[in-house]
Amino acid sequence: QVQLVESGGGSVQTGGSLRLSCEASGYSFSNYHMAWFRQTPENEREGIAAIDSAGTSSSADSVKGRFTISKDNAKNTLYLQMNSLKPEDTGMYYCAADAGGRYSWYFRLRSRGYLYWGQGTQVTVSS
């Protein structure tokens, strides 16, 4: 059974940093495509950054130069390093995974590209 557990969220001030982690279990981590999404009550779930099974990453324009996605296959863990945080980065952050049944490069930052989801971790950035 695939399980994704996020951690590392919290409250920070503008300009601060956080590192989110997503610990995965129940599947061959290195063979899956993974991503981070963000959701607020006002907006749809937004794709923030993605990394495919080969390690190729991409990110949304809103976080380019500030957020970095990475993974450690030995630890079955996905990370999101978030620097220079802004109030608009506030939201619930989810990690997602897919073996390839839904994933494609075109859908790498779209919810429909991923089958498995974690429960989320809250990030709040105050001004």
Side-chain angles (χ1 to χ4, degrees):
Q1 181 180 358
V2 174
Q3 286 193 320
L4 302 171
V5 180
E6 301 96 334
S7 62
S11 297
V12 296
Q13 292 189 326
T14 297
S17 297
L18 284 172
R19 187 174 82 155
L20 305 184
S21 299
C22 172
E23 189 170 345
S25 61
Y27 67 98
S28 181
F29 180 82
S30 61
N31 292 336
Y32 275 55
H33 313 292
M34 310 255 335
W36 287 99
F37 287 77
R38 174 173 68 203
Q39 188 164 22
T40 65
E42 301 79 20
N43 299 317
E44 293 183 359
R45 198 166 289 190
E46 172 192 11
I48 297 300
I51 186 166
D52 67 14
S53 59
T56 302
S57 62
S58 60
S59 58
D61 289 343
S62 60
V63 303
K64 270 189 172 64
R66 299 188 300 121
F67 292 11
T68 302
I69 188 171
S70 63
K71 64 176 181 171
D72 186 332
N73 290 334
K75 295 182 178 180
N76 288 355
T77 302
L78 178 73
Y79 301 101
L80 184 68
Q81 179 65 44
M82 305 187 296
N83 298 328
S84 302
L85 283 160
K86 305 175 182 180
E88 52 263 43
D89 294 319
T90 294
M92 186 69 78
Y93 283 70
Y94 298 89
C95 73
D98 192 81
R102 294 189 178 190
Y103 178 89
S104 70
W105 186 249
Y106 181 77
F107 291 128
R108 65 192 183 280
L109 291 176
R110 301 190 182 187
S111 298
R112 64 181 296 177
Y114 300 89
L115 179 61
Y116 301 104
W117 295 83
Q119 294 301 305
T121 185
Q122 178 68 34
V123 171
T124 302
V125 185
S126 58
S127 57

Task: Residue pairs passing the disulfide (SG to SG under 2.5 Å) test where at least one lies in residues 3-113, sequence neighbours excluded - done: Cys22-Cys95
Open item on the list: I need the Tyr116 OH to Gln3 CD distance, nearest 0.5 Å.
Closed with: 12.0 Å
Task: Donor-acceptor under 3.5 Å (Gln39 side chain, Gly91 main chain) - done: no
Open item on the list: For the OG1 atom of Thr124 and the CD atom of Gln13, what is their distance to the nearest 0.5 Å?
Closed with: 12.5 Å
Task: Closest approach of Met34 to Ile69 (non-hydrogen atoms, all atoms of both residues) - done: O-CD1, 4.4 Å
Task: Donor-acceptor under 3.5 Å (Asp98 side chain, Gly101 main chain) - done: yes
Task: Gln119 CD to Leu4 CG distance, which is reported to the nearest 0.5 Å - done: 9.5 Å
- [ ] Could you check whether the rings of Trp117 and Tyr114 sit parallel, tilted or perpendicular, using 30° and 60° as the cut-offs?
- [x] perpendicular
Task: In one Ile/Leu/Val/Met/Phe/Trp/Tyr side-chain cluster, 4.5 Å: Phe67, Leu109 - done: no
- [ ] Locate the shortest heavy-atom distance separating Ala97 from Tyr32; write the atom from each residue and the value.
- [x] CB-CD2, 4.1 Å
Open item on the list: Give me each pair satisfying side chain to side chain donor-acceptor pair (under 3.5 Å) with a member in residues 73-85, each pair once, sequence neighbours excluded.
Closed with: Ser17-Asn83, Gln81-Asn83
- [ ] Please round to the nearest 0.5 Å and tell me the distance separating atom CZ of Arg110 and atom CD of Glu44.
- [x] 11.0 Å
TODO: Could you tell me the separation between the CE atom of Met82 and the CZ atom of Arg66, rounded to the nearest 0.5 Å?
DONE: 9.5 Å
Open item on the list: Quick check: closest heavy atoms across Ser53 and Lys71, and the distance to 0.1 Å?
Closed with: O-NZ, 3.3 Å
Open item on the list: Between Asp89 and Lys86, does any side-chain N to carboxylate O distance fall below 4.0 Å?
Closed with: no
Open item on the list: So, taking the atom named NE2 in His33 and the one named CG in Leu115, what distance separates them when rounded to the nearest 0.5 Å?
Closed with: 12.5 Å
Open item on the list: How close do Ser62 and Glu46 get, counting heavy atoms only, and between which atoms?
Closed with: OG-OE2, 3.4 Å
Task: Path from Phe37 to Leu85 over hydrophobic side-chain contacts below 4.5 Å - done: no
Task: Phe29 with Val2, same ILVMFWY side-chain cluster at under 4.5 Å - done: yes
Open item on the list: Same cluster or not: Ile48 versus Phe107, using hydrophobic residues (I, L, V, M, F, W, Y) connected whenever any side-chain heavy atoms lie under 4.5 Å apart?
Closed with: no
Open item on the list: Within the supplied structure, the quantity of interest is the number of heavy atoms (other residues, nucleotides, ligands) at a distance under 6.0 Å from Glu88 CD; does it exceed 12?
Closed with: yes
- [ ] Heavy atoms only: give me the nearest Tyr94-Gly118 pair and the separation to one decimal.
- [x] CD2-O, 3.5 Å
Task: Identified side-chain contact (heavy atoms from CB on, under 4.5 Å) partner of Arg38 from the options Thr90, Asn43, Val63 - done: Val63
- [ ] Measure across Ser58 and Arg108 and return the closest heavy-atom pair with its distance rounded to 0.1 Å.
- [x] OG-NE, 2.9 Å
- [ ] Find out if a path of hydrophobic residues (ILVMFWY) with successive side-chain heavy-atom gaps under 4.5 Å connects Tyr93 to Leu78.
- [x] yes
